[in-house]
Amino acid sequence: MTSPTMTDAMTGPEMIALTKAHTIYEWSAQSKVDPIPVAGALGSWFWTPEGKRYLDFNSQLMCVNIGHGDARVIKAIQEQAATLAYANPFMATEPRARLGRKLAEIAPGDIDTFFFTNGGAEANENAVKLARQFTGRHKILARYRSYHGATGGAITLTGDPRRWAAEPGIAGVVHVADPYHGVQRGWDNVALALANLEEVIQLEGPQTIAAFFLEPVTGTNGILVPPDGYLQGIRELCTKYGIMMVADEVMSGFGRTGEWFAINHWGVVPDLLTMAKGLTSAYVPLGAVGMRRAIADHFKERVFYGGLTYNSHPLACAAALATLAVYEEDDLIAKAKRTGEVMKRLLGDLEARHEIVGATRSIGLFGIVELVRDRRTKEPLAPFNGTSEPMQKLGRFFREQGLYTFVRWNTFFTNPPLTISEDELRHGFAIIDRGLREIA
Ligand SMILES: Cc1ncc(COP(=O)(O)O)c(C=O)c1O
């Protein structure tokens, strides 16, 4: 095999061999990774150099909400690169100015001020700083069934097993149980879940707790749509004890659930709101932490101790502005709600047709299927943090059939771009239906 020059397009096997030789794949033992080589993408589809097409049922990493290859966003990035690719964060730029104003328009309540980062983890890191500096307290509460990012603080906040290798992590983080206890035990009622949380607050000392971080609808840890009253109750407890409520909407924001932000479904205004992914639909990396007016005012006369070379990067801000315009021009938030109703029915059909479907959950185009060995006992088809032969077989089947989605433990996800057509959605569910028959 001769090595390709910069002008030759690589083949899929060449991409795989070279990326594996010289780069590290995340969260994996390197000999076990089996990447799909990607040459291009448009709408709900991407393809390999050899032309095998995949329906993207996970919007890559739950982030390409507006679909692939939108010409309006590409043009905005090209124009911004030609005008001003970079200015340091002490400068004022037009895309930064416009993006701050636009986000103030769409964020809930009086959240009207933003600090821009490179992605979701850094948004959470800076939310920790804001909460600690604002309250003068140090402890942070977060839940076990959560992912908040891979940087030092964010991975400590993370409750799922990705945290274990990073322990002990930063000081002062306390994990609390979720209202959901897995497919076998199911959900606590709201009163019990809130009583458990209040007990932890009392035991830790409310005057020591700066913030409670939570994904309003939990993402990778199960598309957990909370029962009505839960988020309102958390808001009340946080207000009662002077604790900042931090909504991590890195995955659930920007139309994924059929609202701009998931928390809007429950009419709750958090103190801090973190975002990334759908903010630019991943065309360029960008994250942000939004804060309520009182928090922004606090830093008028006090120093905010935080900074990043790429804070408010002009290219990323321009990409975000163009992406937000696409959501509005194409009415994608309302479309996600409508297509989400179709997806809910298709998930219900799977449950009716396949004994191994133990539960399905969705809100908008944020969906998951939990597989079980036995409907009656609801024993998961793979153990917590593990896999099994049938789950692996299902993953292989999806891949062979050209359906890309995340298969994790005993679950798989249905998180297509918000632009997906009903025909494409049905095509994806037809593959899922056949896959479930294969492993029954
Ligand atoms: C809820 C949530 N928070 C934070 C993050 C971290 O974002 P990033 O990978 O951009 O740092 C993620 C990533 O998946 C996420 O789902």
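Just so you know, ligand 1 is whichever comes first in the structure, and atom 1 is the first atom listed for that ligand. Side-chain atoms are counted along with the backbone in the values below, which use heavy atoms only and exclude waters and symmetry mates.
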Open item on the list: Closer than 4.0 angstrom, basic N to acidic O: yes or no for K240 and E236?
Closed with: no

Open item on the list: So, taking the atom named CG in L418 and the one named CG in L365, what distance separates them when rounded to the nearest 0.5 Å?
Closed with: 6.0 Å

Open item on the list: Distance alone, cut at 3.5 Å: any donor-acceptor contact between the side chains of R361 and T218?
Closed with: no

Open item on the list: I need the nearest protein heavy-atom contact for atom 2 (C) of ligand 1: residue, atom name and distance, please.
Closed with: Y147 O, 3.2 Å

Open item on the list: Could you identify the single nearest non-hydrogen protein atom to atom 7 (O) of ligand 1 and state the distance to 0.1 Å?
Closed with: G120 CA, 3.3 Å

- [ ] Report the relative orientation of the aromatic rings in H148 and F213; use parallel for angles under 30°, tilted for 30 to 60°, perpendicular for over 60°.
- [x] perpendicular

Open item on the list: Starting from atom 5 (C) of ligand 1, what is the nearest protein heavy atom, named by residue and atom, and what distance separates them?
Closed with: V250 CG1, 3.7 Å

TODO: Measure the acute angle between the ring planes of W164 and F384, then classify it against the limits of 30° and 60° as parallel, tilted or perpendicular.
DONE: tilted

Task: Part of K277 with heavy atoms under 4.0 Å of ligand 1, whether side chain, backbone, both or neither - done: side chain

TODO: Would you give the length of the straight line joining atom CG of D297 to atom CZ of R302, rounded to the nearest 0.5 angstrom?
DONE: 10.0 Å

Task: A276 N/O to ligand 1 N/O under 3.5 Å - done: no

TODO: Run the numbers for me: atoms of ligand 1, each under 4.0 Å from some heavy atom of G119, listed by number.
DONE: 10 (O)

- [ ] Could you tell me which atoms of ligand 1, counted from 1 in the order shown, lie closer than 4.0 angstrom to a heavy atom of E215?
- [x] 1 (C)

Task: Enumerated ligand 1 atoms positioned under 4.0 Å from heavy atoms of A121 - done: 6 (C), 7 (O), 8 (P), 11 (O)

Open item on the list: So, regarding E122 and ligand 1 (criterion: nitrogen or oxygen to nitrogen or oxygen, under 3.5 Å), is there a contact or not?
Closed with: no

Open item on the list: Measuring from non-hydrogen atoms of T220 to any atom of ligand 1, is the shortest distance under 4.0 Å?
Closed with: no

Task: Any E249 heavy atom less than 4.0 Å from ligand 1 - done: no

Task: Side-chain donor-acceptor contact under 3.5 Å, Q60 with D56 - done: yes

Task: Residue M251 vicinity, atoms of ligand 1 by number, heavy atom under 4.0 Å - done: 14 (O), 16 (O)

Open item on the list: Tell me whether the count of non-hydrogen atoms from other residues, nucleotides or ligands lying under 6.0 Å of CZ in R399 goes above 12.
Closed with: yes

Open item on the list: How about CD on Q392, more than 12 heavy atoms from neighbouring residues, nucleotides or ligands closer than 6.0 Å, or not?
Closed with: yes

Open item on the list: Out of the candidates Y404, F413, F412, only one should pair with F398 under the ring pair (Phe, Tyr, Trp, His ring centres under 6.0 Å) rule; please name it.
Closed with: F412

Open item on the list: I'd like to check which ligand 1 atoms, numbered from 1 as shown, lie under 4.0 Å from a non-hydrogen atom of N124.
Closed with: 3 (N), 4 (C)

TODO: Pull out every atom of ligand 1 sitting under 4.0 Å from any heavy atom of D248, numbered as shown with elements.
DONE: 1 (C), 2 (C), 3 (N), 4 (C)

TODO: May I ask whether atom 9 (O) of ligand 1 is less than 4.0 Å from at least one protein heavy atom?
DONE: no

